[in-house]
Amino acid sequence: MRDAAWHARIECGGVVAGAGFLVAPSTVLTCAHVVQYGEPGALTVSFPNRPDFSGLPATVAVHGGWAGGATDPGDLAVLELDRKVPLSPARFAPPDTERDLTERVLEAYGFPHGYDEGQLARYRAVSTTRIADQWLQLEAVTAHGQPLVEGFSGAAAALPDGRVVGMVAQRAGEPGVLVARMLPTETLARHWPGLGELVPACDGDGDGGVDGGEDPTRRLYELVRRAEAVGLECSPDQLFVDAVGAFGPEPPPGGLRSLREAVAYVQWEVVPSAQALSRFAHRLAGLLDEPAARPAPAAPAAEWTPILVEIDRSGAGTDQVTVSVSAYREGRRRPVGTARLARSEVREYVQQGIDRAFTRLAPDAEELLTFVLPRDLLNLPVAQWACSAEDATPLGCAHPVVVNDRYRHHSGRLRHKLGKKWQQMDGGSAAPLHRVDCGTQEQPPGLRRRLSENGAGLAGFAAPPTALPGHFEVGLNMPVPVLLWPRSGCPDTAGPHTAPCTGSAFLDSLAPAVESVSAAELPRIITSLREEAEAATDPEQHWARDVQLLWDDPRCFPETAASLHSPVA
């Protein structure tokens, strides 16, 4: 290989766990199973061909979704070093290179036991047919060469000229059997969308670029980020057709669901792709330069930096849940930890996870603690949880705390509609509160129509979700950015109310507090109200003591979840 400086050795707690390779100044790609036992603070990366860069602390910034089994998909992890290193990152070969991998020798730089400085192995793809649409099978070039044993996982599978075509991700058979598997670059890009812009376009000669000029891929992905940031409305299918021309391939069955999916389809399925990607970029740049295509900047939403706590049923028992904590910085989601826990263990784990997440935030970040919960746990008293075992201050008094529905948080359809709703609300007057009172005679279909006709931005409920399940389902399944309710409410929500009740009193007090401010400021307003209630002479009687706020702006969560399926499926 021409330049071996980008090959990395991954260590967990001082023990060599596998290999990796530098793909950006502070970013290393490896297998998820290499770092699965890496405790926070114990993961380090070294570059054996540059001894001056050894033992660099690293954290897992992106996880490919690997579930832990030997044949589970998504076995990759993106590591973020604590500082940039002045080394040239690995270069990727263009997508069409995979067509003739069976004729090329691939080299892998790994770290089998006893070889901390590394060993080289030479392999060749058996076929271009992928196993389970994930792996390519590899076999050794010679029967007496270095086998791909433990220590090679995460190594780049590279051509002799150093260009990367995939990553060694699995060995097969007994130790010493010269058979293994690799994840080709396109598969890696499915599980980490950020990889796409690092892969050059193919120009028909296999070298990428357009007429010797700058490769269009990075420019196109930058335009896609701009389009996502401003919520550009466009047709991915039409952009694809414009890019490939009248005689190019048709969009896939079912169409293309997003700009990124359209770009990925051109990048991986169209050969040559360089000219098509250039046309795609030119057309998208034109749309972004049209005044009508540029909504007002989303300044209020950009103020918030989420710390995300996701809780979900684990499937291992009614008492077991999976908890994941992460933080956002510079538009990227940075995982802190994930664990399967008994319900009784969740609070302590979340407290510790949130505390660690604060170390990932920028110094001037405005934190927003966001709990993404299953629908049946939306009433969980997360704002009342103590900050820590040593600090009894409720989280909701120390920081802005909001909740979100798990289905809603991961629904592409609702994220799209909510994004458009926030654009309409930005810079406008405060939104009115649409009330759902106790004993309402309005049926859920009527509420859906009312919220839709009025373009509702805020909805207030007089009782918790279990008391008004049909009405809550309407509010959650519609693009209403803000829902509020009391965690406890009127004990009698059935039938008409002839006298004022606690639920109506809650809405009467809530309306003037939330209708006078922009929706973007509501997390701060609710925090202030929670502090006021906590400081009251009788906190339990204060109307805002147990207010629950579902506040949902998709623009605060810019990184989409990595797909476990082909972006062109």
Side-chain angles (χ1 to χ4, degrees), residues 10 12 17-20 28-40 42-43 58-80 130-137 148 150 152-155 166-173 180-195 308-326 332-343 345-346 349-350 353 372-374 377 406-407 409-412 557 559-569:
I10 314 298
C12 296
V28 171
L29 189 61
T30 187
C31 288
H33 77 260
V34 167
V35 296
Q36 63 178 322
Y37 300 117
E39 296 294 330
L43 185 64
T59 57
V60 178
V62 179
H63 190 283
W66 182 61
T71 59
D72 289 331
D75 186 12
L76 82 158
V78 181
L79 309 185
E80 192 72 18
R130 296 185 192 176
I131 299 171
D133 196 34
Q134 290 284 313
W135 300 274
L136 290 181
Q137 183 171 320
L148 291 178
E150 292 182 4
F152 276 89
S153 292
M167 180 175 72
V168 177
Q170 191 184 81
R171 63 186 179 90
R181 292 178 181 178
M182 64 172 266
L183 291 169
T185 307
E186 189 269 335
T187 304
L188 296 173
R190 294 185 213 165
H191 303 292
W192 177 36
L195 180 63
L308 193 67
V309 180
E310 290 198 68
I311 301 176
D312 193 19
R313 305 291 186 187
S314 71
T318 56
D319 186 53
Q320 297 290 311
V321 295
T322 299
V323 183
S324 174
V325 182
S326 53
R332 294 179 60 181
R333 182 174 173 178
R334 299 168 184 263
V336 173
T338 300
R340 178 183 291 172
L341 305 166
R343 289 279 296 273
E345 301 171 318
V346 170
Y349 182 86
V350 168
V372 177
L373 307 169
L377 294 182
R406 183 172 177 81
Y407 164 76
H409 186 76
H410 293 285
S411 168
F557 309 91
E559 185 178 44
T560 57
S563 171
L564 296 184
H565 305 285
S566 168
V568 301

Determine whether a donor-acceptor pair (N or O, by modelled atom type, separation under 3.5 Å) exists between the side chain of Thr187 and the backbone of Gln134.
yes
Would you say the side chains of Gln36 and His63 form a donor-acceptor pair under 3.5 Å?
no
Side chain to side chain, Thr338 and Thr322, heavy atoms closer than 4.5 Å
yes
Can you tell me how far apart CG (Leu377) and CG (Asp312) are? Round to the nearest 0.5 Å.
9.0 Å
Minimal non-hydrogen separation, Gly69 against Trp66, with atom names:
O-NE1, 2.9 Å
For Glu310, check side chain to side chain donor-acceptor pair (under 3.5 Å) against everything at least two apart and list the hits.
Arg333, Arg406, His410
Under the salt bridge (charged side-chain N to carboxylate O under 4.0 Å, His left out) rule, what pairs show up with a residue in residues 65-80, not counting sequence neighbours?
Glu80-Arg332
Pair Glu345, Arg340 - check salt bridge (Lys or Arg N to Asp or Glu O under 4.0 Å), show working.
CA-CA 10 Å; Glu345 301 171 318; Arg340 178 183 291 172; over 6 Å; no
How many angstroms lie between CZ in Arg181 and CG in Leu136, if you round to the nearest 0.5 Å?
10.5 Å
Nearest 0.5 Å, please: how far is OG1 in Thr185 from CG in Leu195?
6.5 Å
So do Gln320 and Leu341 actually touch side chain to side chain, heavy atoms under 4.5 Å?
no
Please step through salt bridge (Lys or Arg N to Asp or Glu O under 4.0 Å) for the pair Arg190 and Asp133, ending with a clear verdict.
CA-CA 11 Å; Arg190 294 185 213 165; Asp133 196 34; 3.2 Å; yes
Minimum heavy-atom distance Ser153-Cys31, with the two atoms named
C-SG, 4.0 Å
For the atom pair OG1 (Thr30) and CD1 (Ile10), what is the distance rounded to the nearest 0.5 Å?
4.5 Å
Gap separating the CZ atom of Phe557 from the CG atom of Leu308, nearest 0.5 angstrom
5.5 Å
Would you call Leu79 and Thr59 a side-chain contact if the rule is heavy atoms closer than 4.5 Å?
no
Minimum heavy-atom separation for Leu76 to Leu188, with atom names?
CD1-O, 3.9 Å
